[in-house]
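A note on names: the letters A, B, ... follow the listed sequences, proteins ahead of strands, and every chain is numbered from 1. As the structure is a prediction and not an experimental result, all values here were calculated from the model.
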Amino acid sequence: MDITSILEGLNDRQREAVTAPLGNLLIVAGAGSGKTRVLVHRIAWLVAAEGVSPHGILAVTFTNKAAAEMRARAEALLSAPPRAMWVGTFHGIAHRLLRMHWRDAGLPENFQIIDADDQLRLVKRVLRAQNLDEQRWPARQSAGFINAQKEEGRRPRDVPAGDHFTETQKRVYEAYEALCRQGGVVDFAELLLRCHELWLDREDLLEHYRRRFGQLLVDEFQDTNTLQYASLRLLGGSAGNVMAVGDDDQSIYSWRGARMENIHRFPEHFRDTRIIRLEQNYRSTGTILKAANGLIERNAGRLGKSLWTAAGDGEPVSVYHGYNDTEEARFVADTARAWIERGGSADEIGVLYRSNAQSRALEEAFLRADIAYRIYGGLRFFERAEVKNALAYMRLVSSRHADVAFERVVNLPPRGIGAKTVGLVRALARERGVSMWQTVKEGIASGEIKARAAAALGGFLALIDEFAAQVEGRSLHDVAQCCVEASGLLAHHAKEPGERGVARKENLEELVAACRRFERDRLSPLDPRGAQADGADEPSSTLEDFLDQAALEAGEYQAEGGAAVQLMTLHSAKGLEFPLVFITGMEEGLFPSRMAGEELGRMDEERRLAYVGITRAMRRLYLTRAESRFIHGTDSYNPPSRFLQEIPVETLQDVRLGGALKRPLQRNGAPRDEDAALRIGARVRHAKFGEGVVLRCEGGGDRARVEVNFAGLGSKWLMLGYANLEMLD
DNA sequence: AAGTTCCGAGTTTTT
DNA sequence: CTCGGAACTT
């Protein structure tokens, strides 16, 4: 391994980070400053220069994609693939540990991971069982409560006593836990909490992993939650070899439990932390960075950093004011088309928005303009109902006692087993503390289940057993094929009305194909077999592995296809970059979101989101807004986003005018200082008409009109964009 | 039990 | 508008 090649092409700061002496490191890495590069090169450096064994390295990320990328790049840099190195998501790593130490963690050997959707179903059942009014006690809220508690490391008994609300949620949490225990299922937050508790309870195990993982590296540190942070302290606190890489200005998941403070407190908790800032940006033009810096400076409590670039200023940031969302979308599509016609590629273009609902108008515009586009977000592959149905069959084939799967498909397609029958089976199962499958078998034998239901249920049991028998010793995709087709699911979903039926049929077929791919290359970065076994690793089946992966990687295989414009929310754009970026819907109430309203800190987070969006752009950035927008079935009129006011005006350029930006009018609320000149009563001068006084303002952006009373000429309506008024006073 | 219609709510979502 | 859940039929 060649040490000089590891350092090649790194700037001074990056090199400092990569070659820092062993110890705790906090890398404050601005957008586009090469943070993944630093992480990967640090890993290579540790192995090549510090003589660290890959076996002793644990690198943690938040997404499977990031984990895969990190591993691939580290392997490319080191000639020998460091297979023994652990690289994965927090959840993937916790899962792996729990599979190895299931007994010590108090889990059944074949525990199963449930996703957010399954969790919600279970919570609903708890609420119903406790006779809580679903209006007053929404399942989402309870699930949110439970997850928040787990993310703070709290079991029901640890939740501080509180008012009626808290006490009720606590009881729900308790009952939910019991349900999970009985079903042998583990939700996402539980993976982390269990793992943490495992270490707390078993000092010997903790000691083992502390010794083993002498080097911890954490990506996107600003997104860690309380529990993840606590686990890192537990594992790395004394060893003192933690490299945390993050950017407090890109913290946009506080609503999901992420604690930006973790990055602030890191030096307090990790001894002798060396802080290195990466501020040189290799992505964007100077103007784009100036816009981003100017905006984010308005936030308080930052670690503080300012991006700079050696590249030139580039073009101004363009601001477009559309009449409505259709026109805004058309502008985006037209501009995209022009980019492509000038030799650019469609996949160099990113179109960002605050909420998914905004994608529709854009989609239609791209469709009409005949430009290929791809929408990210929404339901991922393994989250789709039809796919989850098929997975439930597969789960049952794998483990007959999987109650969550049982309930999901016992009557799907409909086979005469209604809510009443299912309710009876559930109650009996609960009474006896056995699975629903077991209960049905016993219930039929004992006659507790009436003939009619018994026949239907018996048929279902026989069906699953038959699949299992047929599939014995066959490949994964045979199991899938069987579960998709012989179950009747394919026919059931295919006959759903309209395009939905077609799409669902295709998805089920795709599932079988995904199984084939999984058998062929098993390329999951989380695949435990990819690395050296570490003790109690059990032999595992392809089917179980596939189901685990489906739960942990809901759909990384997004359709790739040819070059296409990428449409996505600002949140999903984090970590990506595009030569040409549009941030659409720059309107108060939309972005910043209305929900960000008064709540403390929320507006700062919206601003960080804007910062994230702006810093996605490499060469060209457009900010667009619409005067009226069709939302929730009606037209709504929103004033321009405050962020348009907050971005340094000298970086902006109005699209239509091609000159300096005229500040758009504020439609509601107090006008800002910058608008003072446009307020009623303001004195202005017009090239032809001379001096006058503003009587009225209407509209905004390039449709903004003002009525001005000119001395001796009377009042005239002028288009603000064209009138070129000079402000007096 | 299954299919239909009606009503009301409606950010963001790495795992 | 557009989805999901509840209430209402058949």
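The 12-atom threshold is not exceeded at CZ of A/Arg368, counting heavy atoms of other residues, nucleotides or ligands nearer than 6.0 Å.
Residue contacts for A/Arg500: at a heavy-atom cut-off of 4.0 Å it reaches no nucleic acid atom on any strand shown. Backbone-only contact: A/Glu134 has heavy atoms under 4.0 Å from sugar-phosphate atoms and none from a base. Residue-level contact check: A/Lys420 touches the backbone only, with heavy atoms under 4.0 Å from sugar-phosphate atoms and none from bases. Among the atoms of the strands shown, only primed sugar atoms or phosphate atoms (P, OP1, OP2) are found under 4.0 Å from some heavy atom of A/Gly418. Among the atoms of the strands shown, none is found under 4.0 Å from any heavy atom of A/Asp187. In this structure, A/Thr634 reaches neither bases nor backbone, as no heavy-atom distance under 4.0 Å exists between it and the strands shown. Looking at heavy-atom distances under 4.0 Å, A/Ser593 makes contact with a base. Among the protein residues, A/Thr61 comes within range of no part of the nucleic acid, since none of its heavy atoms lies under 4.0 Å from any strand. When heavy atoms are screened at a 4.0 angstrom cut-off, A/Leu590 is found touching no nucleic acid atom at all. Looking at heavy-atom distances under 4.0 Å, A/Gln358 makes no contact with the nucleic acid at all. When heavy atoms are screened at a 4.0 angstrom cut-off, A/Tyr253 is found touching base atoms of the nucleic acid.
At the phosphate of B/dT15, neither OP1 nor OP2 sits under 4.0 Å from any side-chain N or O atom of A/Thr63. Look at A/Lys124 and you'll find a side-chain N or O under 4.0 angstrom from OP1 or OP2 of C/dG5.
In terms of position along DNA chain B, the nucleotide closest to A/Arg415 lies nearer the 5' end than the nucleotide closest to the other residue of the pair A/Arg415 and A/Ala551.
Considering only the side chain of A/Asn64, B/dT15 comes nearest among B/dT15, C/dG5, C/dT2. The side chain of A/Asn411 lies closest to B/dA2 when the candidates are B/dT15, B/dA1, B/dA2. Closest to the side chain of A/Arg380, from the set B/dT14, B/dG3, B/dT12, is B/dT14. Comparing B/dA2, C/dC1, B/dT12 by their closest approach to the side chain of A/Pro414 singles out B/dA2. Out of B/dT15, B/dG10, B/dT13, the shortest distance to the side chain of A/Thr89 is found at B/dT15. Considering only side-chain atoms of A/His91, the nucleotide from B/dT15, C/dC1, B/dT13 that sits closest is B/dT15. Closest to the A/Asp223 side chain, of the nucleotides B/dT13, B/dT14, B/dG10, is B/dT14. For A/Asn356, the side-chain atoms get nearest to B/dT13 when compared with the rest of B/dA2, B/dT13, B/dT15. Of the candidate nucleotides B/dT15, B/dT12, B/dT13, B/dT12 has the atom lying nearest to any side-chain atom of A/Ser355.
The two residues A/Met568 and A/Ala573 come nearest to each other via the heavy atoms SD-CA, 3.6 Å.
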Step by step, work out the side chain to side chain donor-acceptor pair (under 3.5 Å) result for A/Glu587 and A/Ser641. CA-CA 4 Å; A/Glu587 296 143 42; A/Ser641 170; over 6 Å; no

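Atom OH of A/Tyr376 is separated from atom P of B/dT12 by 19 Å (rounded to the nearest Å). Across the protein-nucleic acid pair, A/Lys65 atom NZ and B/dT15 atom P stand 10 Å apart, rounded to whole Å. Per the geometry, CG belonging to A/Asp635 stands 11 Å off P belonging to C/dC1, to the nearest Å. One interatomic measurement links the two molecules: CD1 of A/Ile114 to P of B/dT15, which rounds to 17 Å at whole-angstrom precision. In this structure, the CD atom of A/Glu220 is 12 Å from the P atom of B/dT15, given to the nearest Å. In this structure, A/Lys450 atom NZ and B/dA1 atom P are separated by 13 Å, rounded to whole Å. Between A/Arg140 atom CZ and C/dG5 atom P there is a gap of 8 Å when expressed in whole angstrom units. The CD1 atom of A/Ile631 sits 14 Å away from the P atom of C/dT2 (whole-angstrom rounding).
Using a 4.0 Å cut-off between charged nitrogen and carboxylate oxygen, A/Arg73 and A/Glu69 count as a salt-bridge pair. A salt bridge is defined here as a Lys NZ or Arg NE, NH1 or NH2 lying under 4.0 Å from an Asp or Glu carboxylate O, and A/Lys505 with A/Glu386 fails to meet this definition.
Residues A/Tyr253 and A/His571 bring their aromatic ring centres within 6.0 Å. You'll find the ring centres of A/Phe213 and A/Trp86 inside the 6.0 Å limit. Aromatic ring centroids of A/Tyr353 and A/Phe582 lie 6.0 Å or more apart.
As the counterpart of B/dT12, no nucleotide is assigned, since no Watson-Crick or G-U wobble pattern has both distances under 3.5 Å.
Stacking is found between A/Trp255 and the pyrimidine-like six-membered ring of the B/dT12 base under the 5.5 Å centre-distance and 30° plane-angle cut-offs.
Spacing of C1' atoms, C/dG5 relative to B/dT12, comes out at 23 Å, to the nearest Å. The same atom, P, is picked in B/dT13 and in C/dG4; the two are 16 Å apart, to the nearest Å.
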